Amino acid sequence: VSVAPNTPAGVYTITYQICENLNPTNCDTAIASVTVVAAPLVAVDDTGSANGLTGGVVPSLNVLTNDTLNGVAVVPADVTITPVTTGPLTVNADGTVTVAPNTPAGPYTVSYTVCEILNPANCDTADVVVTVYAASIVAADDSATGISGLTGAPSAISAFGNDTLNGVAVVPADITATIVTPSANPNVTMNLATGVVS
């Protein structure tokens, strides 16, 4: 009795008869029963990291990469993932994981379930932990020269002009500025909303 590849799990029976060659009417029948089981499916926990400001697909992370079916790496065409969203994380049907833009830094966890297409009840669940990190922020030194003390300058410097958030010029609405060390002269001030020093 042989079982073809890609046979769904279940109990299969074949009734057969044997007869004696010397006495062809001397026969008896029996049933051959074969129980086919689903291949072991193992979903393994995953980790990754992503930029919380931009969000998007977590780099180099596909939850199927370390999962196995019958002891070997899962072939994506042989399984399904039901998309699931938990907080800012989403596990997509193709196994990728996305992070919502503007997610504060910290660790986030989402669970996913992978199921075998041949045997839809053959499933396993694992967790994905994504560490969301803050975008790089750089406040660069500024300077202005030749400012007349007599007439002053309403816009001597734009302090935010060379500052960056995530590698691009800062948008004042995306940051909060505070004065760490006030100017020695109270006539030199900075507008914390715009970054303009006057």
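What's counted below: heavy atoms across the whole structure, side chains too, no hydrogens, waters or symmetry copies. Just so you know, these numbers come straight off a predicted model, no measurement behind them.
- Listed for the Asp124 side chain is a donor-acceptor partner under 3.5 Å among the backbone atoms of Ala43.
- The heavy-atom pair separating Asn119 from Ala9 by the smallest distance is OD1-N, 2.7 Å.
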Please set out all donor-acceptor pairs under 3.5 angstrom arising from side-chain atoms of residues 19-27, sequence neighbours excluded.
residue	atom	partner	partner atom	Å
Glu20	OE1	Asn23	ND2	3.0
Glu20	OE1	Asn26	ND2	2.9
Glu20	OE2	Asn23	ND2	3.4

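- A pairwise comparison of heavy atoms in Val44 and Asn66 identifies CG2-O, 3.3 Å as the closest pair.
- Using a 4.5 Å cut-off between side-chain heavy atoms of Ile, Leu, Val, Met, Phe, Trp and Tyr, with links allowed through other members, Val196 and Ile157 fall into different hydrophobic clusters.
- Between the side chains of Asn62 and Thr96, no donor-acceptor pair of N or O atoms lies under 3.5 Å.
- For Thr113, the side-chain hydrogen bond (donor to acceptor under 3.5 Å, both in side chains) partners at least two apart in sequence or on another chain are Thr125.
- Note: Asn102 CG to Asp174 CG = 7.5 Å, rounded to the nearest 0.5 Å.
- Listed by first and then second residue, the disulfide (SG to SG under 2.5 Å) pairs that reach into residues 63-154 are Cys115-Cys123, sequence neighbours excluded.
- Under the side-chain contact (heavy atoms from CB on, under 4.5 Å) criterion, Ile18 pairs with Tyr16, sequence neighbours left out.
- Cluster annotation: Val197 is connected to Ile179 through the hydrophobic network of ILVMFWY side chains, with a link wherever side-chain heavy atoms come within less than 4.5 Å.
- Taking CG of Asp163 as the start and OG of Ser158 as the end, the distance is 8.5 Å to the nearest 0.5 Å.
- Annotation for Ala177 and Phe160: closest pair CB-CZ, 3.7 Å, computed over non-hydrogen atoms.
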Sequence neighbours left out, cut at 3.5 Å: what donor-acceptor pairs do the side chains of residues 135-145 make with other protein atoms?
residue	atom	partner	partner atom	Å
Asp142	OD1	Asn162	ND2	3.4

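- A donor-acceptor pair is defined here as one N or O able to donate and one able to accept, closer than 3.5 Å; no such pair exists between the side chain of Asn92 and the backbone of Asp94.
- Of the candidates Thr47, Val58, Leu61, Val128 forms a side-chain contact (heavy atoms from CB on, under 4.5 Å) with just one, namely Leu61.
- Met190 and Ile175 fall within the same hydrophobic cluster, defined by Ile, Leu, Val, Met, Phe, Trp and Tyr side-chain heavy atoms under 4.5 Å apart, directly or through other members.
- No continuous path of ILVMFWY side-chain contacts below 4.5 Å connects Val97 to Leu53, so the two sit in separate hydrophobic clusters.
- Proximity of Thr189 to Ser183: side-chain heavy atoms (C-beta onward) are nowhere separated by under 4.5 Å.
- Pairing each heavy atom of Glu116 with each of Ala39, the nearest pair is OE1-N, 4.3 Å.
- Looking at Val129 and Asp45, their side chains never come closer than 4.5 Å, going by heavy atoms from C-beta outward.
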- request: Determine, step by step, whether Asn122 and Leu69 satisfy the side chain to side chain contact (heavy atoms under 4.5 Å, CB included) criterion, reporting the C-alpha distance in whole Å, the side-chain angles of both residues, the deciding distance to 0.1 Å, and the verdict.
  value: CA-CA 10 Å; Asn122 183 24; Leu69 179 61; 4.3 Å; yes
message: Walk me through whether Val99 and Leu89 qualify under side chain to side chain contact (heavy atoms under 4.5 Å, CB included).
response: CA-CA 5 Å; Val99 176; Leu89 301 184; 3.6 Å; yes
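- Of all the heavy atoms in Val91 and Tyr112, the pair that sits closest is CG1-CB, 3.9 Å.
- Residues Val57 and Val132 are members of separate hydrophobic clusters, defined by side-chain heavy-atom contacts under 4.5 angstrom among Ile, Leu, Val, Met, Phe, Trp and Tyr.
- Proximity of Tyr12 to Val3: side-chain heavy atoms (C-beta onward) are nowhere separated by under 4.5 Å.
- Judged as a side-chain hydrogen bond (donor to acceptor under 3.5 Å, both in side chains), the pairs with a partner in residues 68-87 (not counting sequence neighbours) are, in order, Thr85-Thr90.
- In this structure, Val110 and Asp127 have side chains that are not in contact, with every pair of non-hydrogen atoms separated by 4.5 Å or more.
- Between Pro59 and Ser49 the shortest heavy-atom distance is CD-O, 3.4 Å.
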